[in-house]
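For reference, the structure is listed below as structure tokens.
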Amino acid sequence: MNKTTALFLTCLLLIISSSCSKRLSGVHWNFLDKNKLDVQQVDFEYFSGKAKINYKDDELDIKAKANIRIKKDSVIWIAFSSVGIQGARCLISKDSITIVNLVKKEYYVFNYDSLTKQFNFDVNYEAIQAAALGNLLVNRNRSDEVIKDESFYILKQQSGSVSLSNYVNPKTMKIERVEMLENPSKNSAVIRYYDFQMVGSHAFPFSEIISLFYKGKSGTLNTVIELEYSKAEIEDKELKFPFNIPKKYERK
């Protein structure tokens with residue numbers, strides 16, 4: 001895996017792992033009725049955050065800082081700074097994901113159709129934004145299943161060949177863990193959220209770990225991404241999203 005691929009995965013998973021939700025206590029309901037599982041959804045106009053990222057796979061060990069900005073239903077913007085990827089920018093729009101390397105003067109464009117085929121999961125802006133807010137990646141439907149263990153309500157869902165298990169804290173109604181399994185390949189991902197702090201009226205996980213297990217030429221590979229937020233804000237003011245590609249930059 002080269003650094004650009006690692007940067008793309010970090011960018012995508014950074015968005016997938018950033019989550020907010022309202023804190024709710026004293027909730028009582030019959031867990032057998034999945035329609036009463038009130039997983040808290042967040043509403044906003046603008047979001048901004050700063051985070052430290054550690055990315056590690058079988059080849060790379062990268063440490064980076066990231067500034068993140070989101071405009072609801074429109075755009076997600078990330079600026080990376082680190083040795084090897086200093087000056088990188090990522091823009092996630094309604095139709096594509098673009099990464100610009102300002103040091104190497106090159107850029108990459110990923111469309112959602114190709115990403116959907118690559119990951120065997122419906123990748124689109126709405127799904128990424130939903131994950132960025134801690135909302136469910138897959139809309140609720142009648143085939144969903146709700147069970148309860150000692151600590152969580154577990155909402156089980158299916159999206160194509162991908163099975164999802166959402167572990168919901170019964171006191172906060174916040175998703176604290178998401179497990180995804182792509183059934184034919186057995187590739188899997190686990191996202192865990194820690195260190196919840198209030199950001200305005202929302203609970204936000206300031207520490208997160210994403211673990212990927214996927215098949216490679218040499219066998220099963222493991223990628224781990226750790227994130228630690230130093231700042232997270234729901235913004236009332238309009239944010240700017242500076243992003244341009246100079247004509248001399250080469251598309252890869």
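Just so it is clear, the structure is predicted and the values come from calculations on it, not from any experiment.
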### Query
Does the pair Lys94 and Glu126 meet the rule for a side chain to side chain contact (heavy atoms under 4.5 Å, CB included), with working shown?
CA-CA 8 Å; Lys94 298 283 286 186; Glu126 288 72 21; 2.6 Å; yes
Tell me, do [X] and [Y] make a side-chain contact under 4.5 Å, heavy atoms counted?
X: Lys237; Y: Tyr46; value: no
X: Met180; Y: Ile191; value: yes
X: Leu155; Y: Arg140; value: yes
X: Lys174; Y: Tyr193; value: yes
X: Tyr194; Y: Pro205; value: no

Shared ILVMFWY cluster between [X] and [Y], side chains joined below 4.5 angstrom?
X: Leu221; Y: Val224; answer: no
X: Leu181; Y: Val162; answer: no
X: Val190; Y: Tyr55; answer: no
X: Ile209; Y: Leu164; answer: no

Out of curiosity, [X] [atom1] to [Y] [atom2], how far, rounded to the nearest 0.5 Å?
X: Ser81; Y: Asn67; atom1: OG; atom2: CG; value: 7.0 Å
X: Ile128; Y: Tyr112; atom1: CD1; atom2: OH; value: 4.5 Å
X: Asn101; Y: Glu106; atom1: CG; atom2: CD; value: 5.5 Å
X: Ile175; Y: Ile154; atom1: CD1; atom2: CD1; value: 12.5 Å
X: Phe196; Y: Ser207; atom1: CZ; atom2: OG; value: 10.0 Å
X: Ile68; Y: Leu227; atom1: CD1; atom2: CG; value: 7.5 Å

Tell me whether the count of non-hydrogen atoms from other residues, nucleotides or ligands lying under 6.0 Å of [atom1] in [X] goes above 12.
X: Asp236; atom1: CG; result: no
X: Asn139; atom1: CG; result: no
X: Lys105; atom1: NZ; result: no

### Task
Please work out whether the ring planes of Tyr108 and Phe110 are parallel, tilted or perpendicular, with thresholds of 30° and 60°.
parallel
### Query
Got a salt bridge between Glu250 and Lys252, using NZ or NE/NH1/NH2 to carboxylate O under 4.0 Å?
yes
Would you confirm whether [X], through its side chain, and [Y], through its main-chain N or O, come within 3.5 Å as a donor-acceptor pair?
X: Asn222; Y: Leu212; result: yes
X: Gln157; Y: Val138; result: yes
X: Arg69; Y: Lys240; result: yes
X: Tyr125; Y: Asp95; result: no
X: Asn187; Y: Glu182; result: no
X: Asn183; Y: Ser161; result: yes

### Query
Which is it for Lys71 and Leu239 under the side chain to side chain contact (heavy atoms under 4.5 Å, CB included) test, yes or no, and what are the steps along the way?
CA-CA 8 Å; Lys71 180 179 180 181; Leu239 298 178; over 6 Å; no
### Task
Using the side chain to side chain contact (heavy atoms under 4.5 Å, CB included) rule, take Gln129 and Asp73 through it: C-alpha gap first, then chi angles, then the decisive distance, then the call.
CA-CA 8 Å; Gln129 179 177 269; Asp73 297 334; 2.7 Å; yes
## Note on the structure
Given the options Lys156, Glu179, Glu145, Ser165 meets side-chain hydrogen bond (donor to acceptor under 3.5 Å, both in side chains) only with Lys156
### Query
side chain to side chain contact (heavy atoms under 4.5 Å, CB included) between Tyr107 and Leu91: does it pass, once the steps are laid out?
CA-CA 11 Å; Tyr107 68 99; Leu91 191 75; over 6 Å; no
Which atom of [X] lies closest to which atom of [Y], heavy atoms considered:
X: Cys90; Y: Ile92; answer: SG-CG1, 4.0 Å
X: Asn169; Y: Glu176; answer: ND2-OE2, 2.8 Å
X: Ser96; Y: Val109; answer: CB-CG1, 4.2 Å
X: Lys231; Y: Phe206; answer: N-CE2, 4.2 Å

### Message
On the six-membered ring of Tyr153, is Lys148 placed so that its NZ or CZ lies under 6.0 angstrom from the centre and within 45° of the ring axis?
### Response
yes
### Query
Does Arg89 make a cation-pi contact with Phe243 (under 6.0 Å, within 45 degrees of the axis)?
no
